[in-house]
Amino acid sequence: MGGLLSVGSGTMVGVTQPTVVTDPTDLRDSAETLLRSLAGPEARLREDQWTAIEALVRHRRRALVVQRTGWGKSAVYFIAAKLLRAAGRGPTVIISPLLALMRNQVASAQRAGVVAATINSGNMTEWDEIHTQVAAGGVDVLLVSPERLNNPDFRDAVLPKLAADAGLVVIDEAHCVSDWGHDFRPDYRRIRTLIADLGEDVPVLATTATANDRVVTDVATQIGTDTLVLRGTLDRESLHLSVVRIEDAVRRTAWLSGYLHELPGSGIIYTLTVAAAHDLADVLNSHGHRVAAYTGQTDPAEREVLEQALLDNEVKALVATSALGMGFDKPDLGFVVHVGAPSSPIAYYQQVGRAGRGTARAEVVLLPGPEDKRIWSYFASVAFPREHLVRSVLAALDTERPLSTVALEPLVELNRSRLEMVLKVLDVDGAVHRVRGGWLATGVPWEYDTERYERLSAARETEQQAMIDYQSTAECRMTFLRRQLDDPALADAESAPGALACGRCDNCTGVRPDTAVDEQELTATRTRLDRPGIDLPPRKQWPTGLAKLGIPLSGKISDGAETGRALGRLSALGWGQRLRPLLDGPDGPVSDQVVDACIAVLRDWDWTQRPTSVLAMQSPTHPHLTADLATRLAHIGRLQNLGTLSVRPDRPPVSAANSAHRVAALFDSWETPDLRDLTGPILLVDAQTDTGWTLTLAAHTLRRAGAPAVLPFALATVT
Ligand SMILES: [Zn+2]
């Protein structure tokens, strides 16, 4: 990400500054003038905008503004920044995770004479220049990404100066500060330290679009002792909420395919998992809808193209996970559909709130599924690692010799992203310290905050229950959501009977979408989802750090598996739904139907050389199933049956979550068969695969024993 505007490198825009009157009686006039230059000649300050500006500029107070997106929170801080500068105060420091998305706001701030500069990881070479400009008083607003706060150079050298000179500190997306927020970020905990270092008379503004009472109280307390809280209503009069309950996943998909054209304009269809986004996009496309999948795994450049296609109404919908989120702003978004319910009312409200910001009517449809709870439990289980894993990170670190994250990874059973999260939390807790070259232990004793994690887990369960209640409530759905989010305007209305109901949702109007599904549509959907077969791409690189674990493997994998095949993804519709009971259930022979599907996949496989033999992996949970499948495939395909690749009796079960540990645990764990007379590839059959390391290591073993090539084949992949 490049700098928005780099001070001192020739990109600063010359602007005529509007006259700013500093006489307190004329403060409001000045604020109105600035607003007009920001937002156009017709713009008028809202009462709450003025109240916030006055509190910050005149009374130097701490303020928390909770208002929906599009209300004008950025106008508050740009106007306050300019007025404070006119009064001789230092620059405003804005901490925001959305710097890339603030381009438009910064451009309009420039029209109002606000000189802005950005500090992020993309413009490090310009920091010195920016600091010089800040010191010389040439900058009004300094935008900083929260990640910067955890950078050692920035934290130790730059931050104290900023805190000393700041005229105003703004914390955007302030719910991230709170443990209770739905989107807590470890980087944000550093903000507490920053605020503690500020002078008493330095005003602070925290802003967010979504926060319930608990988060509001928490954030307000963290930024000051006498914080002014300004909260607006969450009701959005364009939104028409409804819930459509269709138990069967295939039928649900077919229904949506038939219903999509009735939805106004273009919109977003949210799914809970990446696999579901791809499946759904595939089915909808095959039915002639212009949609595309958008997930956390989509390449960043590709994401930009897709967002633009939605902004330009070139697609009917993006089928997206929550990766399409914070900061995406399309005022005329016509609908938000959820196939699968999010796990909390706040997350749900935030996603549906992207619709109808600038239109009179927008449709919001929730299609919950019986599998939602299982997906919520999975995401909850990976939220924060258990104590022994956190302790293993601490134990691996030294107090004098720093270790980089890359060097640390093979020493602990955590993957990269979870390791980084643990390090951030430990850093903020003071147990580790980030220096040039990596991480050091500080020697400060560290306590696993059991109470905190239990408290958060209890809160999560309450939220999940609220989402289940939302699905079955007979009450006005908008009222239900507003109550869950402690909408202050709702409390005012409670005394006036009848004023509560929105009059637009399915419960208010009694109008519900017809859940009948066209039989042709259903058959076409089932056929599409039933096509078995997905690729299993081979692992190409051994994980780093294996040498430290005593394993003689490194670099490119030259003797692993070929591209393999599986019937389907466990998390997906179609075959996923059918394979789950088979793999979750007791061990036993495989059904004819599954064998037929396997044969279909094998028939379509464009291998360079046909396998001449079949070998079953020894499955810890389904040995009979795997052996039976291999035997039947061998029989039908007239392949040599090599039996089962047995695990050495002395090997413990493998459970490591991190690649290096997994490879180390699997290395050399099978009884090596004699394959020297083999003339063609082996079809290596397994029940299910997850990370792919087991099949890769098994293939490696077989190749060394003389197999010319190994073609992995699994019933299902977990991811
Ligand atoms: Zn209603």
Side-chain angles (χ1 to χ4, degrees), residues 66-71 182 209-213 216 231-247 252 255-256 259-260 262-265 267-270 317 330-369 372 462-516:
V66 185
Q67 294 284 358
R68 61 197 184 190
T69 309
W71 177 85
H182 52 93
T210 334
N212 59 15
D213 281 350
V216 165
R231 251 175 116 176
T233 180
L234 293 164
D235 191 17
R236 196 189 287 278
E237 285 169 5
S238 58
L239 298 185
H240 290 63
L241 306 180
S242 59
V243 174
V244 176
R245 298 166 72 108
I246 301 171
E247 290 282 302
R252 209 183 306 141
W255 179 84
L256 180 60
Y259 185 70
L260 196 54
E262 290 183 31
L263 293 167
I268 303 173
I269 301 170
Y270 278 109
K330 176 176 165 66
D332 63 340
L333 195 76
F335 62 88
V336 169
V337 173
H338 279 81
V339 179
S343 61
S344 85
I346 294 189
Y348 185 61
Y349 185 84
Q350 210 181 37
Q351 290 178 341
V352 304
R354 302 215 161 90
R357 284 175 185 171
T359 55
R361 184 186 175 104
E363 295 296 331
V364 172
V365 185
L366 172 63
L367 290 152
D372 297 351
T462 310
E463 288 179 335
Q464 293 180 354
Q465 188 54 48
M467 267 326 283
I468 290 168
D469 294 344
Y470 174 78
Q471 293 164 25
S472 57
T473 184
E475 184 187 26
C476 168
R477 295 199 198 275
M478 183 54 91
T479 307
F480 184 98
L481 286 180
R482 289 170 66 194
R483 182 175 299 121
Q484 285 296 326
L485 271 72
D486 305 310
D487 185 334
L490 199 62
D492 298 341
E494 297 273 7
S495 52
L500 288 180
C502 75
R504 306 178 302 268
C505 71
D506 54 353
N507 285 346
C508 282
T509 60
V511 179
R512 291 166 207 285
D514 183 1
T515 55

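Along the sequence shown, residues carry numbers from 1. Each ligand, and each atom within it, is numbered from 1 in the order the structure gives.
Within the protein, the number of N/O/S atoms found under 2.8 Å from the Zn ion (ligand 1) is 4.
For Glu237, the CD atom counts as loosely surrounded, since its 6.0 Å shell holds 12 or fewer non-hydrogen atoms of other residues, nucleotides or ligands. Annotation for Glu247: atom CD does not count as buried by contact number, only 12 or fewer foreign heavy atoms lying within 6.0 Å.
To the nearest 0.5 Å, atoms CG (Leu241) and CZ (Phe480) are separated by 11.5 Å.
Asp487 and Arg68 are not joined by a salt bridge, as no carboxylate oxygen comes within less than 4.0 angstrom of a charged side-chain nitrogen.
Under the side chain to side chain contact (heavy atoms under 4.5 Å, CB included) criterion, Asp486 pairs with Asn212, Asp213, Arg231, sequence neighbours left out.
For the pair Val244 and Tyr259, the minimum side-chain heavy-atom distance is 4.5 Å or more.
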